[in-house]
Amino acid sequence: MSDGRKTSVPVETTAQAYLELLRARGFEYFFGNAGTDFGPLVDAFAKFAAEGKDKPRPITVPHEFVAVSMAHGVTMCTGRPQVVMAHTIVGTANCAGALINAARANIPLFMTAGRTPLVEAGLLGARDLYIHWAQEAYDQAGIIREFLKWDYELRNFVQLEAVVDRALAVATSDPQGIAYLTLPREVLAEPQTTFRFAVDGPGGPRGRLQPDPALVERAAALLTTAESPLLIATSVGRDAATVEALVALSEALAIPVVEFNPTHVNFPTSHPHHLGFDPAPFLERADVVLVAESDVPWFPARMSANPKARVIHLGGDPLFVRYPIRTFPAALNLQGDAASTLRALTAAALDRDRGTLARRSAALHAEHESQRAAWRSAALAVQAESPIDFEWLSRCIGEAASEETVLVNEYDLRLTQVDRDRSGCFFSHSPAGCLGWGVSAALGVKLAQPHKTVIATVGDGAYIFSVPTAAHMVSTVYNLPILVVIFNNGCWGAVRKTTAALFPKGWAVKTGEFPLSDLTPAPAYEKIVEAHGGYGERVERAEQVRPALQRALKAVREEGRQAVLNVICKRD
Ligand SMILES: Cc1ncc(C[n+]2csc(CCOP(=O)(O)OP(=O)(O)O)c2C)c(N)n1
């Protein structure tokens with residue numbers, strides 16, 4: 001908690017003061033993609049290095065999409081916000097897709113950008129290059145404002161501490177998101193002598209938002225008396241404490257849990273109450289549905305919920321107010337910290353006769369077992385097929401994952417084929433799904449947790465979107481060996497599948513031609529990593545998958561080299 005203590009440091013410029021402040025506020029990394037606006041910061045970082053100050057550590061990232069996605073990756077496994085800095089309007093534009101991902105995933109992020117010099121002459125840092133005129137916009141933050149919680153421009157040195165602290169407070173308050181600050185060159189370059197600031201920053205802990213106790217009681221009564229309750233979770237595991245709370249509630253009332261499009265481990269997959277990833281079979285009979293941090297608990301166009309079901313939504317923002325349209329039925333909206341809400345629900349649960357609960361739990365267990373048997377058979381049925389099936393490849397990755405492995409999935413890994421029991425052993429793409437995130441997010445995870453083995457699972461499409469040269473270069477320079485497994489089906493399968501689903505008897509299905517979705521002839525993706533000194537291998541036959549994974553993991557774990565497996569898969 002802040003005790004208001006102040007400290008003073010000698011500084012020569014505002015930029016140096018800014019870095020001192022970031023250091024004091026505990027920022028670990030500074031992901032930068034620099035331009036002519038960065039001069040004062042480049043110089044300040046050089047001074048920092050000469051003084052042996054290693055935090056925030058500057059990380060040079062040669063594409064902004066990679067920089068933001070790496071910061072996303074660090075924060076999703078540590079919870080701690082990072083700083084990214086891009087170059088003026090153009091760098092901000094390159095960040096946009098990754099920022100949309102971070103915003104929809106509620107990643108707290110301090111996003112900053114240079115701002116072309118304000119004045120045309122007369123101040124240190126004034127315009128002196130051709131680009132300095134055209135790189136000014138009437139509203140730089142407007143490029144991405146819809147996905148920000150807050151934006152501001154640093155006007156002068158006097159407000160430096162207040163502005164940075166406000167950005168941090170806003171970004172980390174629930175629901176968490178992005179604060180965006182522009183930094184004019186003259187302000188950063190302005191000469192200073194001393195910087196005096198509060199050691200801890202203002203404001204004590206904000207605490208966890210508690211749900212309305214009266215609503216908790218009503219929800220608990222509904223859940224307790226339900227004959228066929230159902231719990232659907234998507235991102236509730238963002239906070240590891242919530243997983244335990246979810247297990248306790250599920251066990252107390254024998255409620256099955258379905259993870260629909262999970263972004264985190266929400267509930268251990270081997271728990272007998274885990275009933276997979278598709279709510280459809282359970283929705284029709286469920287009389288009470290608890291939706292836990294799930295923006296889309298089911299697809300109304302494809303699955304029908306029991307029209308009489310009482311639906312309870314819980315989470316920091318159960319209405320997802322930033323989504324223009326989202327109208328799932330809601331008997332109750334429990335707004336509040338998810339872990340606290342789940343604990344309160346468990347505590348408020350009424351007595352239910354033990355016989356009923358035991359019978360229900362046994363039925364869930366049986367269903368759980370038969371699901372697993374079916375999933376296993378589905379993978380074994382295609383284990384000899386080449387081109388390789390996604391199910392078999394996913395199963396082999398699941399087997400190869402050890403206790404200390406983190407899977408970072410961008411779409412293609414089949415969740416039914418991997419165990420996801422420990423919090424933090426799995427992350428998936430943002431609900432916004434701007435492709436290219438997976439490889440860089442995995443680099444962020446490796447940066448935050450160097451002792452872990454990190455495997456990114458991506459499609460060939462997603463790999464191309466990930467700006468591979470920039471990502472592999474950062475991996476080499478900062479010693480971040482990860483394994484990337486490319487599920488290479490030679491196309492944008494999602495585009496083909498949705499076309500076929502829309503028009504099952506249409507021209508594309510009839511002719512077998514799906515224009516605008518083909519990614520062949522494909523390059524030898526495994527050679528790209530080789531150019532970066534990494535281990536690359538093309539895998540064409542099903543029986544090669546397991547040994548190839550072992551070879552690649554050996555390169556990563558024992559040789560400290562990044563690796564890419566280009567696995568030739570069949571099209572759906
Ligand atoms: C930046 C961006 N552009 C386009 C899309 C639309 N899109 C969604 S999935 C997909 C195909 C992804 O291809 P791949 O990664 O190879 O996976 P596959 O669908 O083949 O399994 C595309 C193009 C997107 N989500 N993001």
Side-chain angles (χ1 to χ4, degrees), residues 63-69 72 92-105 143-144 146-147 261 263 277 295-296 299 323 379 382 385 387-395 397 407-418 427-442 455-468 470-471 483-502 508-509 512-526 528 538-539 545 564-572:
H63 194 288
E64 295 84 350
F65 187 91
V66 175
V68 175
S69 303
H72 185 151
T92 299
N94 269 2
C95 289
L99 288 174
I100 292 171
N101 278 341
R104 291 298 198 227
I143 298 170
I144 44 154
E146 179 163 353
F147 301 94
N261 293 306
T263 57
F277 304 94
D295 52 351
V296 183
F299 301 146
Y323 288 18
V382 292
E385 289 184 13
I388 294 155
D389 195 283
F390 280 14
E391 299 287 337
W392 177 241
L393 175 55
S394 301
R395 190 151 198 98
I397 292 171
L407 298 174
V408 180
N409 178 39
E410 188 163 15
Y411 285 106
D412 282 347
L413 185 76
R414 294 291 183 254
L415 301 190
T416 48
Q417 301 300 341
V418 297
F427 299 97
S428 192
H429 55 273
S430 156
C434 181
L435 285 174
W437 168 91
V439 177
S440 304
I455 304 179
T457 51
V458 299
D460 44 342
Y463 180 71
I464 298 170
F465 276 108
S466 73
V467 201
L483 167 61
V484 177
V485 180
I486 304 177
F487 287 54
N488 181 359
N489 57 2
C491 66
W492 290 332
V495 177
R496 287 169 62 97
K497 263 184 278 179
T498 45
T499 305
L502 266 180
V509 171
E513 292 294 327
F514 290 75
L516 298 178
S517 67
D518 197 81
L519 293 179
T520 57
Y525 297 112
E526 71 281 5
I528 299 173
R538 179 181 169 94
V539 186
V545 174
V564 169
L565 289 183
N566 176 15
V567 184
I568 309 304
C569 293
K570 70 167 87 120
R571 295 181 175 188
D572 279 339

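Counting convention: from 1, in listed order, for ligands and their atoms alike.
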Tell me every residue that passes side chain to side chain contact (heavy atoms under 4.5 Å, CB included) with Lys570, counting only those two or more places apart in sequence or in another chain.
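Here the qualifying residues are Val382, Glu385, Pro387, Asp389.
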
For ligand 1, what is the set of protein residues having any non-hydrogen atom at a distance below 4.0 Å?
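Within the 4.0 Å shell of ligand 1, which is judged on heavy atoms, sit Phe390, Asp412, Gly433, Cys434, Leu435, Gly459, Asp460, Gly461, Ala462, Phe465, Asn489, Cys491, Trp492, Gly493, Ala494.
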
Is the closest basic N to carboxylate O distance between Glu526 and Arg538 below 4.0 Å?
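Salt bridge between Glu526 and Arg538, a charged N being under 4.0 Å from a carboxylate O: no.
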
Note, Val458 side chain near Ser466 side chain (heavy atom, < 4.5 Å):
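No, every pair of side-chain atoms sits at 4.5 Å or beyond.
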
Go through Val567 and Leu565 one step at a time and tell me if the side-chain contact (heavy atoms from CB on, under 4.5 Å) criterion holds.
CA-CA 6 Å; Val567 184; Leu565 289 183; 4.1 Å; yes

What's the spacing between Phe487 CZ and Ile397 CD1 if we round to 0.5 Å?
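Here the rounded value is 4.0 Å.
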
Any luck finding a side-chain donor-acceptor pair between Tyr323 and Asp295 under 3.5 Å?
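Yes, because at least one side-chain N or O of Tyr323 sits under 3.5 Å from a partner of the opposite role on Asp295.
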
